[in-house]
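Here the structure comes first, spelled out in structure tokens, and everything after it is commentary.
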Amino acid sequence: MTLRLYDTATGAVRDFVPLHAGKAGIYVCGLTVQSEPHVGHVRSAVNFDVLRRWLGASGYDVTFIRNITDIDDKILTKAAEQGRPWYNLAYDMKRELDRAYDDLHVLPPTYEPAATGHVPEMIELIEKLIGLGHAYPAPDGSGDVYFDVRSWAAYGELTHQGIDDMEAAEDADPRGKRDPRDFALWKGWKQATEPETASWPAPWGRGRPGWHIECSAMAGKYLGSAFDIHGGGVDLRFPHHENEQAQSRAAGGDFASYWLHNAWITTSGEKMSKSLGNSLLVPEVLKKVRGIELRYYMVAAHYRSHVEFSFEALEDAAIAFRRIENFLERAELAGVEAVDAELPEVFRNAMDDDLGTPAAVGAIFDTVRLGNRLLGADDLEDPQDVADLAGAVGAVRGMLAVLGLDPADPHWTQDGGGSSERLTHAVDVLVRGLLDQRQTARAAKDFAAADLIRDQIAAAGIEIEDTPAGPRWTMESSS
RNA sequence: GGUGGGUUGGCCGAGAGGCGAGGCAACGGACUGCAAAUCCGUCUACACGGGUUCAAAUCCCGUACCCACCUCCA
């Protein structure tokens, strides 16, 4: 089975045929770094991280570009409100975003271009569009440059809309536009309200780039005028992606072969950006569950499905994920070494079917149950059972790795200063001492004393399990 | 007005014409000193009304409700 992807442009699931055999070029719209990232923001990154990992696992040499928009109206407005330079706000938010990505084990892209670093490329592209008659400097002296939508017959093709059916933006300033739907490629510097640092020299006077042009310029620079996959959130289809495609194609390139869009995480039925409060910021959510659990929550739903975020559902997901971890821990305790196993066919088929992560997760649980059954066998003497179990562990870890969820990945086990490892060791020594006392009591059939010790340990949030290999402690699962 | 998506069991969440995804919770059994973990089993759902079909959660028509986008929101 070959990889099939749902292409928004055609509205159909299509076989993935790369432009260059064995290679895949992907461009994903990253964030505008204007505020702290919330869980909705990182979903997109997680979804496309899974796509990237799956392509890699399928043997493709992947070039993955994810941009950063570090100059725009909102950044300027917010920075002004906060009384600090816009570039400081953008930089701070970018660092927050990087931390959130890292907390969720979103792999760094091949490159992460920033808009402000590509102004010359954008100017070059705009000049080309002007030369081809698809763009024009506004005649009102504003210094703006607009894309002429009427000059591009295919305008609207990505979102299947006719120009005349579109509502013109009510708040759009029609000054200088030939058609109200024309959009800005370049915005002239407004000296009265905008800092000079937010402007760059251009043939049309100082100014800054319009929103869409950066992605066209940067995708072209790093992936070429034609590339395989373009991704982003559904809200970006229009106007952002429509405009990107229009200007890129008008400039002569084929642009993206496939368009992928991830759905929203909503709260109370509304998109997250409308929600008040900061309880959904990534660092806040990570006070309740671990990064790997939040990632599991996102991966367990299909990328094109809306997810109605709730802490209850998140906690359920975390509990479900711990079941997988439990299996791996039990196997490790039983001395089972993972062997490289081929990914189960159901898993591969699920992933090939438009990244069917829900079914892929189901395949993981099927393998976990199989492995648990083998672990529960009275004796693990049968060499065939041992081999099967080792294969199951390998398969589970292999599948998890594709989803970025292998708990044994150093990314999840490491932590900066190693303080958490030292703490774990300290707790282990203490708990083990108590468990020895409990074992002594149990051997003497003094169960009252044994249970008292267990209760004491439980009061510290630590759970005890008696296994054939002796008692084992874990942090209590519920938060 | 235009465009796109949705409504599935107690909960989360897949599937897209015919073999009961999966997880959580609950209940029963096995195991355990009791637990926990694990295994086995039970719980047979697809917004509503029509229609097509031997067969519909899945296709068609209609209705209701919800969501997103329509020029700087992931």
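Below, chain A is the first sequence line, B the second, and so on; all start at residue 1.
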Nucleotide of B:G22, B:C24, B:G33 approaching A:Ala450 most closely (side-chain heavy atoms) | B:G33
If you check the A:Gln34 side chain, which of B:A74, B:C24, B:U3 turns out closest?
-> B:A74
What interatomic distance, in whole Å, is found between C1' of B:C48 and the corresponding atom of B:U7?
-> 11 Å
pi-stack flag for A:Phe365 and B:G22, centroid dist under 5.5 Å, interplanar under 30° = no
For atom P, what is the distance between B:U58 and B:A16, given to the nearest Å?
-> 13 Å
Is there a donor on the side chain of A:Asp451 or the base of B:G33 sitting less than 3.5 Å from an acceptor on the other?
-> yes
When you measure from the side chain of A:Pro358, which nucleotide among B:A14, B:A74, B:A36 comes out closest?
-> B:A14
Watson-Crick/G-U partner (both atom distances under 3.5 Å) of B:A16 = none
Could A:Arg178 and A:Tyr146 be counted as a cation-pi pair, given that NZ or CZ must be under 6.0 Å from the ring centre and within 45° of the axis?
-> no
Measure from NE2 on A:His261 to P on B:C70 and round the result to the nearest Å.
-> 13 Å
Find the distance A:Leu333:CG to B:A36:P and express it as a whole number of Å.
-> 19 Å
Can you tell me the distance, in whole Å, between the CZ atom of A:Arg4 and the C1' atom of B:A16?
-> 13 Å
Expressed as a whole number of Å, how far does the C1' atom of B:A57 sit from that of B:C46?
-> 4 Å
Go through B:G33, B:C70, B:C39 for me and flag the one nearest to the A:Arg442 side chain.
-> B:G33
Going by an N to O cut-off under 4.0 Å, is there a salt bridge joining A:Arg99 and A:Asp102?
-> no
On a whole-Å scale, what distance lies between the P atoms belonging to B:A47 and B:A56?
-> 15 Å
Can a donor-acceptor pair be found between the side chains of A:Tyr297 and A:Asp316 at a distance below 3.5 Å?
-> no
Can you find a donor-acceptor pair, distance only, under 3.5 Å between A:Arg454 side chain and B:C34 base?
-> yes
Write down the distance between CD (A:Glu329) and C1' (B:U38), rounded to a whole number of angstrom.
-> 14 Å
Considering every strand shown, what is the Watson-Crick or G-U wobble mate of B:C59 when both distances are under 3.5 Å?
-> B:G51
Does a distance-only test, which skips hydrogens and angles, find a donor-acceptor pair under 3.5 Å between the side chain of A:Asp466 and the base of B:U32?
-> no
Contact under 4.0 Å: A:Arg323 side-chain N or O vs B:C39 OP1/OP2 = yes
B:G1 -> Watson-Crick or G-U wobble partner, both distances under 3.5 Å, gives B:C70
Does NZ or CZ of A:Arg323 lie under 6.0 Å from the centre of the six-membered ring of A:Phe327, at an angle within 45° of the ring axis?
-> no
Toward the 5' end of RNA chain B, by each residue's nearest nucleotide, A:Lys74 or A:Arg304 = A:Arg304
Taking OP1 and OP2 of B:C12, is either one under 4.0 Å from a side-chain nitrogen or oxygen of A:Ser310?
-> no
What is the nucleic acid contact for A:Arg237, judged by heavy atoms within less than 4.0 Å: base, sugar-phosphate only, or nothing?
-> sugar-phosphate
Atom-pair distance (CZ on A:Phe447; P on B:G33), nearest Å | 7 Å
For A:Tyr297 and for A:Leu236, locate the closest nucleotide of RNA chain B by heavy-atom distance; then report the residue assigned to the nucleotide nearer the 5' terminus.
-> A:Tyr297
Nearest-neighbour nucleotide for the A:His38 side chain, B:A74, B:G33, B:C39 considered | B:A74
Mind checking A:His302 for me? I need base, sugar-phosphate or nothing, with any heavy atom below 4.0 Å counting as a touch.
-> sugar-phosphate
Distance, rounded to the nearest Å, where A:Arg330 contributes CZ and B:U38 contributes P | 7 Å
Does B:C65 pair with anything, Watson-Crick or G-U wobble, both distances under 3.5 Å, and if so, with which nucleotide?
-> B:G6
Whole-angstrom distance between B:G1 and B:U53, as gauged at atom C1' = 37 Å
Give a yes/no verdict on a cation-pi contact between A:Arg43 and A:Phe309, requiring under 6.0 Å between NZ or CZ and the six-membered ring centre and an angle within 45° of the axis.
-> no
Looking only at side-chain N and O atoms, does A:Arg369 come under 4.0 Å of OP1 or OP2 in B:C40?
-> yes
Among B:C73, B:G5, B:G23, the one nearest A:Trp211 by side-chain distance = B:C73
Provide the distance between the two C1' atoms, one in B:G4 and one in B:G10, to the nearest whole Å.
-> 32 Å
Would you say A:Asn326 reaches B:A37's phosphate, i.e. side-chain N/O to OP1/OP2 under 4.0 Å?
-> no
Now, which nucleotide makes the Watson-Crick or G-U wobble pair with B:G33, with each of the two distances under 3.5 Å?
-> none
Quote, to the nearest angstrom, the P distance that separates B:C73 from B:G62.
-> 35 Å
Quick one: are the ring centres of A:Phe64 and A:Phe48 less than 6.0 Å apart?
-> no
Select one nucleotide: of B:A36, B:U71, B:G5, the one nearest the side-chain heavy atoms of A:His212.
-> B:U71
P atoms of B:C59 and B:A68, separation to the nearest Å | 24 Å
Salt bridge or not for A:Arg438 and A:Asp466, using N-O below 4.0 Å?
-> yes
What about A:Trp259 and A:His230, are their ring centers closer than 6.0 Å?
-> yes
Short side-chain N/O contact to B:A74 OP1/OP2 from A:Thr32, under 4.0 Å | yes
Counterpart base for B:A26, defined by Watson-Crick or G-U wobble contacts under 3.5 Å | B:U42
CZ of A:Arg438 versus C1' of B:A36: gap in Å, rounded?
-> 10 Å
With a non-hydrogen cut-off below 4.0 angstrom, is A:Leu31 in contact with a base, only sugar-phosphate, or nothing?
-> sugar-phosphate
Is the closest side-chain donor-acceptor distance between A:Asp428 and A:Trp473 under 3.5 Å?
-> yes
OH of A:Tyr155 versus P of B:G2: gap in Å, rounded?
-> 19 Å
